[in-house]
There are 2 protein chains.
Amino acid sequence: MKIGELSRATGTNIETIRYYERIGLLPAPGRTAANYRSYGDAHRARLAFVRHSRDLGFTIEEIRSLLDLSDNPTRECDEADRIATRHLEQVQEKITQLSLLRDELARIIGRCRGGIAADCRVIEALSDHSHCENAHV
Amino acid sequence: MKIGELSRATGTNIETIRYYERIGLLPAPGRTAANYRSYGDAHRARLAFVRHSRDLGFTIEEIRSLLDLSDNPTRECDEADRIATRHLEQVQEKITQLSLLRDELARIIGRCRGGIAADCRVIEALSDHSHCENAHV
DNA sequence: CTTGACCCCGTAGTTGCTACAGGGTGCATA
DNA sequence: TATGCACCCTGTAGCAACTACGGGGTCAAG
């Protein structure tokens, strides 16, 4: 299949596919006589793996390690577990921080009763961190 | 005060302060005879506003608008309210998505019982989106 | 034979910084 | 007086993970 089809099949931007190839995340496919990239099912599966991992928030470098494991199925899977667990911790940490942020924003907005900027509680709250109830980043 | 003092006073990297000046977020301060930047309290307050807003996740462009409002206190504060509200919505959306992600990751990891990569549930789950219970991004 | 959809490559832009390299300034100490 | 050191200056390049050109080639339909 050509790059446009692969793009549609995986919901990946064409430029992104070429980018993944350039950074060595996807193997360079064969070419047609017209020098068009020609992909097979293995390529599609690998790209799906990459996209799914990216959707789950893994970095490119993490995905490199995961692909490496996936390519060497006799290796211990401890590392995959470790990568995923560490990532889970990071996601949880991010959720916690964003929740504090949300509460702080809601509090700031809640105090605004309209009017002119001189009396704006949003602006006032942003001017002075000491008004914050929760320690955010 | 010199840039190093401002940096310590606001917990902002020196390079970041110069960066903010370069992109016009902070006004260029006066200079000493030795061409060192010389800041006053107004600069410190403005930088604190910027840092606080960044900590709350506002983009530079949003901060530009907020600063603009803050500089023109007779303007209606609707826009500040609008910016903050939109941002709150985005934060909430992000929290929702990350929570789905966390659940998905926890589910994937929970199925892993160690062993070799060929049997690794983490790798398997990443290979195939159809195993997902929640629609994530 | 031309129109349009598709493909190629290379490079530059995005966001919000951070990190040099290569130099100048200012003060204390040997 | 020299010299070491902390601090400051500018300008440019790097980071992640794409995205968006610009300027061209290919190919089937009308």
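Values in this document were obtained by computation on a predicted structure and should not be read as measured data. Numbers restart at 1 for each chain; the letters A, B, ... are given by sequence-line order, proteins then strands.
Following rounding to the nearest Å, I60(A) (CD1) and dT19(D) (P) show an atom-to-atom distance of 11 Å. Rounded to an integer number of Å, the gap from M1(A) CE to dC6(C) C1' is 16 Å. Taking atom CD1 of residue I14(B) and atom C1' of nucleotide dC8(D), one finds them 8 Å apart after rounding to whole Å. In this structure, CG of L47(A) is placed 14 Å from C1' of dC18(D), rounded to the nearest angstrom. If you measure from atom CD1 of I3(A) to atom C1' of dT26(D), you get 15 Å, rounded to the nearest angstrom. For the pair E5(B) CD and dC7(D) P, the computed distance is 10 Å after rounding to whole Å.
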Before giving the answer on salt bridge (charged side-chain N to carboxylate O under 4.0 Å, His left out), spell out for R18(B) and E21(B) the whole-Å C-alpha distance, their side-chain angles and the decisive distance to 0.1 Å.
-> CA-CA 5 Å; R18(B) 287 199 281 247; E21(B) 180 182 327; over 6 Å; no
Should R46(B) and L25(B) be marked as a side chain to side chain contact (heavy atoms under 4.5 Å, CB included) after you check the CA-CA gap, both sets of side-chain angles, and the distance that decides it?
-> CA-CA 9 Å; R46(B) 197 179 179 90; L25(B) 206 56; over 6 Å; no
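Contacts of R8(A) with the nucleic acid, taken as non-hydrogen atoms under 4.0 Å apart, are absent.
Between R54(A) and the phosphate of dA16(D), there is no side-chain N or O to OP1/OP2 separation shorter than 4.0 Å.
The pair R107(B)-E104(B) meets the salt-bridge criterion, with a side-chain N (NZ, NE, NH1 or NH2) lying under 4.0 Å from an Asp/Glu carboxylate O.
Residues L56(B) and I95(A) share a hydrophobic cluster, clusters being chains of Ile/Leu/Val/Met/Phe/Trp/Tyr side chains in contact below 4.5 Å. Under a hydrophobic clustering in which Ile, Leu, Val, Met, Phe, Trp and Tyr are joined whenever their side-chain heavy atoms come within less than 4.5 Å, directly or via other members, Y19(A) and L26(A) fall into the same cluster.
If you check residues 15-43 of chain A against DNA chain C, the residues with a heavy atom closer than 4.0 Å are R18(A), R31(A), N35(A), Y36(A), R37(A), listed by number.
Between the side chain of T16(A) and the backbone N or O of T12(A), no donor-acceptor pair lies under 3.5 Å.
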